[in-house]
Amino acid sequence: MDKWPSSNRYSLKAALMINYNPVIPSLCLPFLDLLIEIMSIKEKWLSAWCIKPVGGALVRQEPEYILLALMGSPLKKIMLCSSEKEIFNVEEQVMVQHSVIINNMIEDGSYNHEESKIPLDCVDSKTLKKVIDYCTHHTHHQNDNQEDLEAWDAQFLNVDSNGLYDLLMAANYLEIRNLLDLIYGTIKNMIKGKKIDEIRRIFNIKDHGFTSEEEEQNRKEYPHFY
Amino acid sequence: MKKAAYSFPEEVLEHVFSFIVSDKDRSSISLVCKSWYEIERWCRRKVFVGNCYAVSPPILIKRFPELRSVTLKGKPHFADFNLVPEGWGGFACPWIRAMAGAYPWLEEIRLKRMVVSDESLEIIAKSFRNFKVLVLSSCEGFTTEGLAAIAANCRNLRELDLRESEVEDLSGRWLSDFPDSYTSLESLNISCLGNEVNLLALERLVSRCPNLKTLRLNRAVPLDRLPNLLRGAPQLAELGTGAYTSEMRPDVFSNLAEAFAGCKQLKTLSGFWDVLPSYLPAVNPICSQLISLNLSYATVQSPDLIKLVSLCEKLQKLWVLDYIEDDGLEVLAASCKDLRELRVFPSDPFGLEPNVALTEQGLVSVSEGCPKLQSVLYFCRQMSNAALNTIARNRPNLTRFRLCIIEPRSPDYLTLQPLDDGFGAIVEHCKDLRRLSLSGLLTDRVFEYIGTYGKKLEMLSVAFAGDSDLGLHHVLSGCDNLRKLEIRDCPFGDKALLANAAKLETMRSLWMSSCSVSFGACKVLGQKMPRLNVEVMDESGPPDSRPESSPVEKLYVYRTVAGPRLDMPGFVWTMDDDSALRIS
């Protein structure tokens, strides 16, 4: 699937949208032949999908469902609902690839494509949009070179620490491992090698909690840390 | 979901902190705010205590309840030059006893310049079930019996490193105390042991430990046993040979060469006692893969050294005797472009006349030819300001520069001027210089340069230099990052010390011996600065038996949160309110 050129994918999408009429599946059949040619799928593998026993008879599967199954339903969308009740439509494949929580929900069948939306009460719209941005970019650009991806990530995380906090909470809740690692790395860099006054400013720590004697002694003993 | 002043939850911070391991950064974290201090202390696993008297075992344990790795340093650095009398301190026992009770899961203990008893080793052997690493660097006070306890009981031991320790070697039998089922050894350094170890036990141990990467033998391991050992551990990365001499027989040579060739991952070599030059080429098969070579015991002449060194194109670290001479260093500069560290030791430091053709030129060649050179320790008999200037301009990336001109107070041999300008050039151009040792004829001016330019300097060693207190004042007031200052035989006295008393609280320690600091000034310093221990050492009798103005023999000042120490020998006094009263 990865090697399939995107131009073919889009034309298929167009074909499906036009043909997604259960009444005239036969229009898909010639397209299906073309598809077989393009994808060089072995006959026996395809026939396993095309023919299945239903009620003692052998029935041919609806072509568009075969195609969807073969493509792993990349265009199927799911609905995510933020704490502010805003709905976001996202490609299922994108979220399933990144979020362990959403992947589990889809897999165990608790999500029904027709009606359900996944409520994410801990994530506000602004943050959810950013999370979706991250996952979408990393799915569509997974074959980009490392430097480009890192540059994009750096730009993506160019937020204030409140925003970073919200992203961290969301990534943690949705169990998006690579986003979590990225954020932890960024937080680490906000601390490592920085002067203490700067760290306090970045993390918005207004009251350090030491007594004035303690603070004074610390500054005396470690002057170059401040 | 706006927060007025959000804070990351504890688990998040703890997780982030686990990626931050350097001591400096951990200290930083604990100073940011009280809640970070608390989180940090619970998840700290590794601690480095640069001066074992700066803190006490109970204080350490109270603050860091979950340590897995502890490093402690005891005696001051000048102990290496026999300036610290026997019995001064640095006893490991109270630490080990306390840790045995508090840290049952302790995995690593690293000690440097401390006195370790067999009893301590036995406690280690019995108390820590997951004990993995024991490094005793320049330690003393224990025997091979203590090692036997470690060998017999530490099932998970990975590293046993006795580098440069003084061990009472009662018998080589201790090595056999490693049980036959023990296979987890990764690093063994017994190079300091005097007697023969049980060679059969050693061979069996080496061949049954598949992860053994470092093996440093002692002098008593004969050369003809080396091939067998190497064949038992072809995965070795670091090897220290034993005595490198034998009857010259062709089969011994070819056996050895073959064995070396079989060690495809060998990158570090050391040992080479009693070298028979005709055996040196046996290491040729692996020269091209070597990154570190320690020939500081190899008493071979320049031509043999040149032949060896010219094959080591990947060499990053070379320790060698001055037999290498200027010619050899020139070849080094031409062949080893990746060299990062060079140490040249004197073969005959007490001789009155130079016995080798090693001058400042050798160092100049290396500074020209080796662009990555960062760390230098160089013993020689002559130096010039011009050479130092050239070196400084060639290598502004130097971070450690220790020059030891053997005769104290030697001037620039060309101009007969002090070497102030030369060292001044070093500190001015090498902006990342962290460690500097001075020698030669030096006035207060060199200290002015150091105070002005040595902003990143952390450790300074001074001997037979300066004219007055101004020298000391420049250093204490100018070097912002100074942590350790050690001075001997300089005319530095009370004024500079007392004027910069507050600075001493920002440093780890100050050592001054055979200087002009008076007993009275030490008392004042001790009373004025409660968070410093001001220790006066005098082997000729209590300092108050002489007038207050007479200079103390040795002074050791260090910051501490543990108060005056209680284990001082009779020749050490702490200056504080109580003791000042006690003595007078």
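Please read these numbers as outputs of a predicted model, since none were measured by experiment. What you see below is based on every heavy atom in this structure, not just the backbone, and it leaves out hydrogens, waters and symmetry mates.
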Legend entry - Residue A:Ile183 versus chain B: region with a heavy atom under 4.5 Å: neither
Legend entry - Test ring pair (Phe, Tyr, Trp, His ring centres under 6.0 Å) applied to A:Tyr222 - qualifying residues, sequence neighbours left out: A:Phe225
Inset, instruction - Would you please say whether a donor-acceptor pair under 3.5 Å links the side chains of B:Asn533 and B:Tyr558? - result: yes
Inset, instruction - Could you tell me which of A:Lys194, A:Lys188, A:Glu221, A:Lys192 has the largest number of non-hydrogen atom pairs under 4.5 Å with chain B? - result: A:Glu221
Legend entry - Side chains of B:Glu66 and B:Arg45 in contact at under 4.5 Å (non-hydrogen atoms): yes
Legend entry - Side chain / backbone / both / neither for A:Ile205 at chain B, heavy atoms under 4.5 Å: side chain
Inset, instruction - Flag the one option from B:Asp25, B:Asp480, B:Ile29 with the top tally of heavy-atom pairs under 4.5 Å to chain A. - result: B:Asp25
Inset, instruction - Could you tell me which residues in residues 32-44 of chain B have at least one non-hydrogen atom under 4.5 Å from a non-hydrogen atom of chain A, sorted by residue number? - result: B:Val32, B:Cys33, B:Lys34, B:Trp36, B:Tyr37
Inset, instruction - Examine whether an atom of A:Lys195 lies under 4.5 Å from a heavy atom of chain B, and if so say whether it belongs to the side chain, the backbone or both; otherwise answer neither. - result: neither
Inset, instruction - For the residue pair A:Asn189 and A:Thr186, confirm or rule out a side-chain donor-acceptor distance under 3.5 Å. - result: no
Inset, instruction - Flag the pair A:Asn178 / A:His98 as yes when at least one side-chain heavy-atom distance between them is below 4.5 Å, and no otherwise. - result: yes
Inset, instruction - Please examine the side chains of A:Glu215 and A:Lys220, heavy atoms only from C-beta on, and report whether any two atoms are closer than 4.5 Å. - result: no
Inset, instruction - State which residues pass ring pair (Phe, Tyr, Trp, His ring centres under 6.0 Å) with B:His429; sequence neighbours excluded, sorted by chain then number. - result: none
Legend entry - Close approach to chain A in residues 496-509 of chain B, criterion heavy atom under 4.5 Å: B:Glu505, B:Thr506
Legend entry - Side chains of A:His138 and A:Asp153, donor plus acceptor under 3.5 Å: yes
